[in-house]
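Accompanying notes for the structure given below.
Keep in mind it's a predicted model, so treat the numbers as computed, not measured.
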Amino acid sequence: MFSRPVFRTAGIGIVVAIWVLSLIPLSQSGVPGSDKFHHAFAYFTCMFCWGQAFPRAATRLKLALIFTSMGALIECAQGLTSYRSFEWLDMVANATGVIIAWFVVTVQLSLQRRYRIGEAGREGRQ
């Protein structure tokens, strides 16, 4: 699997991309799919990378709160521009992506820990 520094680097890039793409003037996106799906996917990817980089449960919970707050802050900033708009449903989509990623990473890391513990136990019995 990838190392933590790789996930941190990817996470930094994703956070920067979210801020830039959220605050620059854009015409209609050429990317097919729902706007809300794009929001959820961006925040899922962000939380997933940072969750891999910081596997402690308490840290992942803090990151989830930070990224949910970041989504709300960006929506408020968009409302202050003349070329973007504030949308409650975008904040909901952002938070949904964060929550799903938090859950996926939590389950994944839990399974990895169980697998490693199981392997160590088998080696000791042989």
Side-chain angles (χ1 to χ4, degrees):
M1 192 80 189
F2 296 109
S3 66
R4 289 183 188 162
V6 170
F7 280 113
R8 286 183 192 138
T9 303
I12 290 168
I14 293 167
V15 167
V16 169
I18 288 172
W19 276 96
V20 169
L21 292 172
S22 295
L23 295 176
I24 62 173
L26 290 176
S27 58
Q28 280 295 69
S29 171
V31 181
S34 165
D35 171 57
K36 304 311 177 238
F37 173 78
H38 296 152
H39 281 263
F41 183 73
Y43 281 81
F44 173 91
T45 306
C46 183
M47 181 63 206
F48 183 84
C49 285
W50 284 101
Q52 296 293 327
F54 295 95
R56 290 190 57 222
T59 305
R60 283 195 323 276
L61 183 58
K62 289 176 189 174
L63 287 167
L65 294 172
I66 288 168
F67 294 132
T68 301
S69 299
M70 182 180 92
L73 180 63
I74 287 174
E75 282 305 312
C76 291
Q78 285 179 339
L80 298 174
T81 68
S82 61
Y83 50 86
R84 298 299 287 258
S85 62
F86 173 88
E87 289 188 43
W88 283 104
L89 289 178
D90 285 351
M91 286 196 314
V92 171
N94 298 343
T96 300
V98 169
I99 291 165
I100 293 170
W102 177 87
F103 181 75
V104 167
V105 172
T106 298
V107 169
Q108 175 216 351
L109 292 174
S110 176
L111 291 173
Q112 283 179 341
R113 277 193 291 275
R114 282 187 189 161
Y115 179 74
R116 287 186 187 139
I117 291 170
E119 287 296 311
R122 279 190 218 116
E123 290 173 5
R125 282 186 247 146
Q126 292 179 351

Step by step, would you call His39 with Glu75 a side-chain contact (heavy atoms from CB on, under 4.5 Å)? CA-CA 11 Å; His39 281 263; Glu75 282 305 312; 3.6 Å; yes

Begin with the C-alpha distance, continue with both residues' side-chain angles, and end with the deciding distance and a verdict on side-chain contact (heavy atoms from CB on, under 4.5 Å) for Phe48 and Phe7. CA-CA 9 Å; Phe48 183 84; Phe7 280 113; 4.2 Å; yes

Assess whether side-chain contact (heavy atoms from CB on, under 4.5 Å) is satisfied between Phe41 and His38, documenting all intermediate values. CA-CA 5 Å; Phe41 183 73; His38 296 152; 5.8 Å; no

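Note: Thr68 OG1 to Tyr43 OH = 9.0 Å, rounded to the nearest 0.5 Å. To the nearest 0.5 angstrom, Cys46 atom SG is 10.5 Å from Ile12 atom CD1. Rounded to the nearest 0.5 Å, atoms CG (Leu61) and CH2 (Trp102) are 7.0 Å apart. Taking OG of Ser34 as the start and CG of Leu89 as the end, the distance is 10.0 Å to the nearest 0.5 Å. Here CE of Met70 is found 4.0 Å from CD1 of Ile18. Values are rounded to the nearest 0.5 Å. Taking CZ from Arg84 and CD1 from Ile24, the interatomic distance works out to 7.5 Å, rounded to the nearest 0.5 Å.
Listed here is the closest heavy atom pair of Gly51 and Leu109: O-CD1, 4.2 Å. For Ala93 against Lys36, the heavy-atom pair with the smallest separation is CB-O, 3.5 Å. In this structure, Ile74 and Ser22 approach most closely via the heavy-atom pair CG2-CB, 3.3 Å.
Evaluation of the side chain to side chain contact (heavy atoms under 4.5 Å, CB included) rule for Ile99 yields no partner, not counting sequence neighbours.
Hydrophobic clustering places Leu63 together with Val107 (ILVMFWY residues linked when any side-chain heavy atoms are closer than 4.5 Å, directly or through intermediates). Ile14 and Leu65 are members of different hydrophobic clusters when ILVMFWY side chains are connected at heavy-atom separations under 4.5 Å. Residues Leu80 and Met91 do not share a hydrophobic cluster, clusters being chains of Ile/Leu/Val/Met/Phe/Trp/Tyr side chains in contact below 4.5 Å.
When side chains are defined from C-beta on, Gln78 does not count as touching Phe86, because their heavy atoms never get closer than 4.5 Å. Side-chain atoms of Val105 and Phe54, non-hydrogen and from C-beta on, never get closer than 4.5 Å to each other.
Within the 3.5 Å criterion, the main-chain N or O of Thr106 finds no donor-acceptor partner in the side chain of Ser110.
In this structure, Phe67 and Trp50 have tilted ring planes: the angle between them lies in the 30° to 60° band.
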